[in-house]
2 protein chains.
Amino acid sequence: MNSFTEENYLKSIYHLSVIDGETVSTNSIAAATHTKAASVTDMLKKLADKKLIHYAKYQGVSLTDTGKQIAIAIVRKHRLWEFFLVEKLNFKWDEVHELAEELEHITSAELVDRLDKFLDYPKYDPHGDPIPDNNGRFKQAELKPISALEVNTVGIIMGVREHAPAFLQHLEKIGLTIGNQIQLTEIADYDHSVTLNLNNNKTINISRDVAKNILVSI
Amino acid sequence: MNSFTEENYLKSIYHLSVIDGETVSTNSIAAATHTKAASVTDMLKKLADKKLIHYAKYQGVSLTDTGKQIAIAIVRKHRLWEFFLVEKLNFKWDEVHELAEELEHITSAELVDRLDKFLDYPKYDPHGDPIPDNNGRFKQAELKPISALEVNTVGIIMGVREHAPAFLQHLEKIGLTIGNQIQLTEIADYDHSVTLNLNNNKTINISRDVAKNILVSI
DNA sequence: AGATAAATTTAGATGAGTCTAAAAAAATGA
DNA sequence: TCATTTTTTTAGACTCATCTAAATTTATCT
Ligand SMILES: [Mn+2]
Ligand SMILES: [Mn+2]
Ligand SMILES: [Mn+2]
Ligand SMILES: [Mn+2]
């Protein structure tokens with residue numbers, strides 16, 4: 001079995017490898033796990049001994065098949081628990097991430113599969129992220145950040161790139177939650193801020209920074 | 001905050017104090033936590049520093065009000081999660097204890113209270129143990145082990161004293177589960193084994209050891 | 001009471017995970 | 001290219017929870 005700590009490293013390496021490509025750096029792992037590079041190096045040796053990562057000094061790391069499988073199982077648990085918390089316990093989407101950080105380490109695979117069934121096999125978590133099935137399979141819908149859209153494009157909000165509670169609360173407040181349709185009507189030359197028409201005929205303006213972190217299907 | 005380990009010590013001290021009386025011994029804690037007496041002594045010093053237990057060398061320990069409150073909160077979580085696992089995820093009563101040992105350490109009080117509400121404020125867990133409310137209050141029903149009944153007494157099974165899966169599976173198999181009515185018809189002089197009439201008119205014989213661990217209301 | 005046994009604590013060691021400071025390797029760029 | 005900066009690893013130390021072995025205290029029994 002792997003400790004919480006080992007699981008968190010594997011999960012971080014997995015998430016980083018999705019963003020940064022196959023191999024990830026010691027420093028990026030340190031940032032993601034809120035530790036120091038020296039601590040990461042120690043852990044990388046251990047994970048390499050366990051054959052959960054490919055690691056050669058100074059060359060960065062990547063997950064082995066086993067490592068990746070474990071990481072995805074943790075992501076599955078994280079997202080299923082988030083779904084449970086929102087759908088069954090009525091938490092808001094900005095309240096569940098920290099709780100899921102704990103719940104994702106509950107070990108029983110049987111529990112996860114039964115939870116999955118109880119929830120009726122949800123495909124996406126409250127933030128629009130795909131929930132892997134019990135074989136670790138999932139498909140990431142093809143989404144674009146609002147910042148990449150051209151003027152007049154219509155899209156439906158399907159996910160977010162940033163999960164910080166403050167960001168999610170902000171989106172809630174301005175009405176940009178998952179499932180909502182938006183039309184991009186203007187991109188300001190000056191600061192690249194973006195004007196959107198909402199379904200309810202309201203018009204809002206959001207900064208490029210916010211626009212980068214909202215994902216839509218078109 | 002307290003570590004998992006500290007929480008488990010507090011919980012063990014609480015359970016032991018219910019059985020053995022107010023103050024409990026180093027050795028009994030060692031047995032309950034599957035550690036050695038020397039390790040227990042180390043932890044007792046730490047818990048005493050945190051004012052969670054009353055501790056004087058060689059004199060045994062008891063929980064402070066704070067310590068007891070924390071212990072009961074953990075028991076509340078344990079039993080609510082067990083109820084959830086059985087009622088919502090369809091686990092059997094012999095499968096949930098180990099899972100609850102992990103889930104009881106999830107920290108959020110908000111989560112527990114919402115879970116309680118979601119489950120419609122259950123009063124007893126799948127083994128008949130009372131579930132403390134969010135103020136730590138609960139009442140233990142007045143129950144007797146079958147081994148303490150006189151011949152011809154009728155009782156309803158309300159709980160068990162032993163939680164080992166093998167024991168619970170055995171009870172399931174012979175039809176002695178919670179809610180069932182029994183009538184004690186005979187106590188054997190030789191080995192104190194006990195004959196019971198069940199609701200379905202079947203007659204079964206159980207050993208004194210089994211009888212001691214089944215609790216009934218009369 | 002005094003001897004022996006049992007329970008408990010202390011002493012010293014270990015492994016996991018972390019840190020800071022220093023050394024080594026790799027990347028950058030004039 | 002080679003000096004400087006950045007990244008990564010090593011060295012050594014610390015905390016937490018655990019252990020074994022030895023010392024100490026308390027309990028028991030004749
Ligand atoms: Mn999350
Ligand atoms: Mn999520
Ligand atoms: Mn239990
Ligand atoms: Mn129980």
Side-chain angles (χ1 to χ4, degrees), chain A residues 1-14 16-17 19-63 67 70-71 74 101-102 104-105 107, chain B residues 1-14 16-17 19-63 67 70-71 74 101-102 104-105 107:
Chain A
M1 245 314 72
N2 306 298
S3 66
F4 278 31
T5 309
E6 289 168 322
E7 290 193 347
N8 282 333
Y9 274 92
L10 291 175
K11 187 183 57 154
S12 291
I13 294 167
Y14 172 73
L16 289 167
S17 73
I19 303 167
D20 300 349
E22 187 78 356
T23 76
V24 305
S25 71
T26 300
N27 268 349
S28 65
I29 298 168
T33 55
H34 305 106
T35 60
K36 297 298 156 72
S39 309
V40 173
T41 300
D42 286 346
M43 181 56 79
L44 294 183
K45 288 177 193 160
K46 203 200 311 186
L47 295 175
D49 285 348
K50 289 185 155 195
K51 307 227 187 289
L52 301 176
I53 59 171
H54 300 293
Y55 172 55
K57 270 195 209 175
Y58 295 103
Q59 302 312 132
V61 294
S62 61
L63 294 172
I70 294 169
I74 298 164
E101 289 290 306
E102 291 186 54
E104 71 189 6
H105 300 291
T107 46
Chain B
M1 247 313 72
N2 307 297
S3 66
F4 278 31
T5 310
E6 289 167 323
E7 290 193 348
N8 281 334
Y9 274 92
L10 291 175
K11 187 182 57 156
S12 291
I13 294 168
Y14 173 74
L16 289 167
S17 73
I19 303 167
D20 301 349
E22 188 78 354
T23 77
V24 306
S25 72
T26 299
N27 268 349
S28 64
I29 298 168
T33 54
H34 307 105
T35 59
K36 297 298 156 73
S39 310
V40 173
T41 300
D42 284 347
M43 181 56 80
L44 294 184
K45 287 177 193 160
K46 204 203 306 189
L47 295 175
D49 284 349
K50 288 185 157 197
K51 306 229 187 288
L52 301 175
I53 59 171
H54 299 293
Y55 173 55
K57 270 195 208 176
Y58 296 103
Q59 301 313 132
V61 294
S62 61
L63 294 172
I70 293 169
I74 297 163
E101 288 290 306
E102 292 186 53
E104 73 189 7
H105 300 291
T107 47

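Since we're looking at a predicted model, the values are computed, not measured. Just so we're on the same page: letters track the sequence lines, and every chain starts at 1.
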Distance check needed: D/dT7 P versus A/Asp20 CG, whole Å only. 13 Å

Categorize B/Tyr9 for me: base, sugar-phosphate, or nothing, with a 4.0 angstrom heavy-atom threshold over every strand shown. sugar-phosphate

Pick base, sugar-phosphate or nothing for A/Ser39, based on heavy-atom distances below 4.0 Å to the nucleic acid. base

Counting any heavy atom closer than 4.0 Å, what does A/Thr35 reach on the DNA or RNA strands: base, sugar-phosphate only, or nothing? sugar-phosphate

Length of the OH-P vector between A/Tyr58 and D/dT6, whole Å: 17 Å

With a 4.0 Å limit, can you tell me whether B/Lys57 has a side-chain N or O closer than that to the phosphate oxygens OP1/OP2 of C/dA7? no

Could you state the CG-C1' distance from B/Asn27 to C/dT9, rounded to the nearest angstrom? 11 Å

Return the value, rounded to whole Å, for the distance between atom CE of B/Met43 and atom P of C/dT9. 14 Å

Between B/Ile53 and B/Leu44 the two heavy atoms that sit nearest each other are CD1-O, 3.4 Å

Check A/Leu16 against A/Ala32 and note the closest heavy-atom contact, atom names and distance. CD1-CB, 4.1 Å

Starting at atom NZ of A/Lys50, determine the distance to atom P of C/dG15, rounded to an integer number of angstrom. 15 Å

Identify, with sequence neighbours excluded, every residue that meets side chain to side chain contact (heavy atoms under 4.5 Å, CB included) alongside A/Glu102. B/Ile106, B/Thr107

Any B/Thr26 side-chain N or O less than 4.0 Å from OP1/OP2 of C/dT9: yes

Value in whole Å for how far the P atom of C/dA7 lies from CD1 of B/Ile29: 14 Å

Test your reading of the model: is there a side-chain donor-acceptor pair from B/Ser28 to the backbone of B/Val24, 3.5 Å cut-off? no

Rounded to the nearest angstrom, tell me the gap between atom CG in A/Asp42 and atom P in D/dA13. 15 Å

Output the rounded distance in Å from CZ (B/Phe4) to P (D/dT18). 13 Å

So, A/Lys11 and A/Glu6, do they make that salt bridge, N to O below 4.0 Å? no

Does C/dA21 have OP1 or OP2 sitting under 4.0 Å from an N or O in the side chain of A/Lys36? no

Establish, with yes or no, whether the OP1 or OP2 oxygen of C/dA16 is under 4.0 angstrom from a side-chain nitrogen or oxygen of A/Ser3. no

For B/Thr41, report the nucleic acid contact type (base, sugar-phosphate, nothing); a contact means any heavy atom under 4.0 Å. base

Which nucleotide sits closest to the side chain of B/Lys45: C/dT10, D/dA11, C/dT8? C/dT10

So what does A/Tyr55 hit on the nucleic acid, given a heavy-atom distance under 4.0 Å: a base, only sugar-phosphate, or nothing? sugar-phosphate

